[in-house]
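First up is the structure itself, then whatever we jot down about it.
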2 protein chains.
Amino acid sequence: MKISVEQAVTAKNDAIADGLRQRLARERVFCLNIIAAPGAGKTALIEKTIQGLGPQSGILVIEGDPHTRLDSDRITALGARALQINTLAGCHLDARMIGDALAAEDLGAVDLLIIENVGNLLCPAAWDLGEDVRLVMTSLPEGADKPLKYPETFARAGVLVINKIDLEQVLPTTVAQILENARCINPNLPAFPVSCTSGEGLSAWLDWVRRQCLAKRKA
Amino acid sequence: MKISVEQAVTAKNDAIADGLRQRLARERVFCLNIIAAPGAGKTALIEKTIQGLGPQSGILVIEGDPHTRLDSDRITALGARALQINTLAGCHLDARMIGDALAAEDLGAVDLLIIENVGNLLCPAAWDLGEDVRLVMTSLPEGADKPLKYPETFARAGVLVINKIDLEQVLPTTVAQILENARCINPNLPAFPVSCTSGEGLSAWLDWVRRQCLAKRKA
């Protein structure tokens, strides 16, 4: 019975997500859903993306966390808009939360919607938020085995960001090991090794984001 | 309706956990339930605990992960016993899983049962496993804000381990910041800053474990 309740809930979620996806297509907004463990550096990547593209470049951020406005405060401090969703005991965002957050929003000036999911490498993977691309992020200090332990999350991703590569000199884990394990699960996954601290790899990441936004505007 | 289903499920869990706790009391086994984000170093702490106490010192480990036997292979490689639970899409261990894993186990020679929960800083907090002490672990690369974002997890913990303190020189986060935030949520939480890489802090941690096991044997 628990399973049938869950299936009904995710089916309803998928219907809301499809509606969101249609709205974002009409409004020509490219949408990323970022999934990662707590502390992988999701907010840092969004900060670097805002700084790289410019805060007035049409970026809207939705921040998901059980508690606090700490992350949306970091985003608004850079001059971009952020909507905070606090899930309390909830371990993932769902499409209804995104729909509610965007209901009163004019997306006319928005080109890029970045959703930072709750820090959790497992639960968010089952919930479509209407995104164009699901981004999975892992960081070097987490070790290389995460793609093998959380294969559903990596299998459903459209792009991988490997963060904190500046720590490769002081850690046993290598970027190559993470890539090898990720591609066991998802062979053609595009990957961007970056350091949000040193800036390494960020220009390639920003180029990719610009291309996705441009393709969506022309679609 | 979803909430009432969940409440009934956790109430049933709590009853099974109480039964487990009574068995562990009769058998004088001290039980730790380790909760942390993926990659915080839970398995590394268990490895160091086995090496510090000796593999023949009556340690039994239960390893929880969505997929793979990677962690239990690390434990058995050190000469200790490990039981693997793969939760697949499940984001936490529950008391029934622990009860089933231990059903056929003779605990006569076991002094210390260490349960490594699924890597997830949120969902496991709601599930009593019959443990004596719930250990929450965070690591320096995750940043200092985790106690504030996941307050239920830190509020319900009986001990805190802060791992990867050897990286304090190369990261902006400090042990003091994590401690301050953790004690905002849980003022008297005992804390052990350690590095499972350099070994710093581990002797104090091992002393604490020895004292807990001794107190349980004499209870």
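First the proteins, then the strands, lettered A, B, ... as listed; each starts at 1.
Proximity to chain A (any heavy atom under 4.5 Å) is shown, for B:Leu148, by both the backbone and the side chain. Only the side chain of B:Cys123 comes within less than 4.5 Å of a heavy atom of chain A; its backbone N, CA, C and O stay farther away. Looking at A:Ala89, only its backbone comes within 4.5 Å of chain B, counting heavy atoms on both sides. Contacts of B:Lys149 with chain A are made by both backbone and side-chain atoms, with heavy-atom separations under 4.5 Å. Heavy atoms closer than 4.5 Å to chain B are found in the backbone of A:Leu88, but not in its side chain.
If you tally non-hydrogen atom pairs under 4.5 Å between each of A:Ser139, A:Gly143, A:Gly119 and chain B, the highest count goes to A:Gly119. Between chain A and the residues B:Pro38, B:Pro141, B:Cys91, the most heavy-atom pairs under 4.5 angstrom are made by B:Pro38. Annotation: maximal heavy-atom pairing with chain A below 4.5 Å, among B:Pro151, B:Ala125, B:Pro172, occurs at B:Pro151. Between chain A and the options B:Ala126, B:Ala40, B:Ala37, B:Pro66, the largest number of non-hydrogen pairs under 4.5 Å is found for B:Pro66.
Residues B:Lys42 and B:Asp71 are not paired through a salt bridge, judged by the lack of any N-O separation under 4.0 Å between the basic side chain and the carboxylate.
Remark: the backbone N or O of B:Thr197 is not paired with any side-chain donor or acceptor of B:Asp166 at under 3.5 angstrom. In this structure, A:Asn117 contributes its side chain and A:Leu93 its backbone to a donor-acceptor pair below 3.5 Å. Using modelled atom types, no side-chain atom of B:Asp65 and backbone atom of B:His67 make a donor-acceptor pair closer than 3.5 Å.
Atom CD of A:Glu105 sits in a crowded spot, with more than 12 heavy atoms from other residues, nucleotides or ligands closer than 6.0 Å.
Ring orientation note: the planes of A:Trp127 and A:His92 are close to parallel, at an angle under 30° on the 30°/60° scale.
Side-chain contact, B:Asn181 with B:Asp145: no donor N or O sits under 3.5 Å from an acceptor N or O.
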